[in-house]
Amino acid sequence: MDWRDLLKNSYRTAADLAGPLGLTAEEEQKMASIIERYPMCVNQYYFSLIDTSDRNGAIMRMAIPDLAESLEGGKADTSGEFDNTVVRGMQHKYRQTALILSTTQCAMYCRHCFRKRMVGMDGEEAAKYLPVMADYVRAHKEINNVLISGGDALLNSNEVLEKYLQYFTAISNLEFIRFGSRIPVVLPQRIYEDEALLELFRKYGAKKSLYIVTQFNHPREITPESIRAVQALQSAGCTVRNQTVLLRGVNDKPETLALLMNELAMYQVLPYYVFQCRPASGVKHQFQVPLPEASRIVEEAKRGMNGQAKSFHFVLSHPTGKIEILGAYGKEMLFKYHQAKHAEDDSRIFSLPVSDGQCWLEEIPPAQA
Ligand code: SF4
């Protein structure tokens, strides 16, 4: 099946999954009620990675709706995205970076997505605001890179992707352009089967450096197909980097995390963040690991990693910035701003008491005057 057919024939309803997963009528009905709120899309390639005999398997948890998604609690917007929006479709939180939510569509709707409030919903194509976005970037010389995200940036058509590349490769203050996409992991065929896409990257990559920021969360996602997609991107001149989300029941074992990072480094997909899972509605109950435990898992995992594999920062993405979780510090935990929204927080280190079950930071001590 070519990638368009894979996408078109994805499982999208509870009825689609009833046979492949052997759902009872009651389970099917419950799943349908979750999908009504949070859409599902699983193509047959990604579904083939699922161990269908294990309802709690890692790949199953990331792809298949779970009743816990309907539990109350959590926030729709955990990192202040609404407040950071400067022109339609574009946010400016960190001085050097503009972030574009280019689409609400994805090849798969990850059950752990922190943008669950919008993915899979109807949304306008942000590309129609490109002239205004480009004006903003040109006028803010401190911006030296744009991150085109979504949804999944590489689910935009090649025509739309070319528009972004045309506009942004022509702006002199931009040093590189990033695309945020999980397509190398969940629908790798869209990359290695589409020579026109790779040609776009070759053409515009000659003008500005291009990065693909992807998200491998489990070693099982590293397959001949996903590696073929990564290598096609690398051969087209793109740098491929990885962000992982630390997820309960997926990669919360040190040996799983170490294996994932070592294998990614082997394929030159350098890991640059491990994210603490956010307290997003429909996500927090089934995926968050408390901070003290999460920090121990990451530190223990690092003992099994080579230097390249552990070149990432373990961070939480807070409305005030990306905060690195440094670890236990006496009876407290130590944190450091890795990227700050406000200059007074740049590189600021602070410690806080954190209870055993605490998964997030709400109150952060202010910077000293
Ligand atoms: S591909 Fe990215 S934006 Fe889309 S559902 Fe998954 S994590 Fe969210």
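Both ligands and their constituent atoms are indexed starting at 1 by order of listing. Note: hydrogens, waters and symmetry copies are ignored here, and every other heavy atom, side chains too, is used. Note that this is a predicted model, so its numbers are computed, not measured.
For Tyr136 (side chain) and Pro131 (main-chain N/O), no donor-acceptor pair under 3.5 Å exists by modelled atom type.
Under a cut-off of 6.0 angstrom, the local environment of CD in Gln166 is crowded, with over 12 non-hydrogen atoms contributed by other residues, nucleotides or ligands.
No salt bridge links Glu299 with Arg296; every basic N to acidic carboxylate O contact stays at or beyond 4.0 Å.
Protein atoms of type N/O/S that fall under 2.8 Å from atom 6 (Fe) of ligand 1 number 1 in this view.
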Quiz prompt | Working for salt bridge (Lys or Arg N to Asp or Glu O under 4.0 Å), residues Glu26 and Lys30 | solution = CA-CA 6 Å; Glu26 192 190 346; Lys30 285 180 178 161; 3.0 Å; yes
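Checking Asn9 against Asn43 by side-chain atom types alone, no donor-acceptor pair falls below 3.5 Å. Side-chain contact of Asn144 with Glu142: a donor-acceptor pair under 3.5 Å is absent, judged by distance alone.
Remark: minimum distance from atom 2 (Fe) of ligand 1 to any protein heavy atom is reached at Gly151 O, 4.5 Å.
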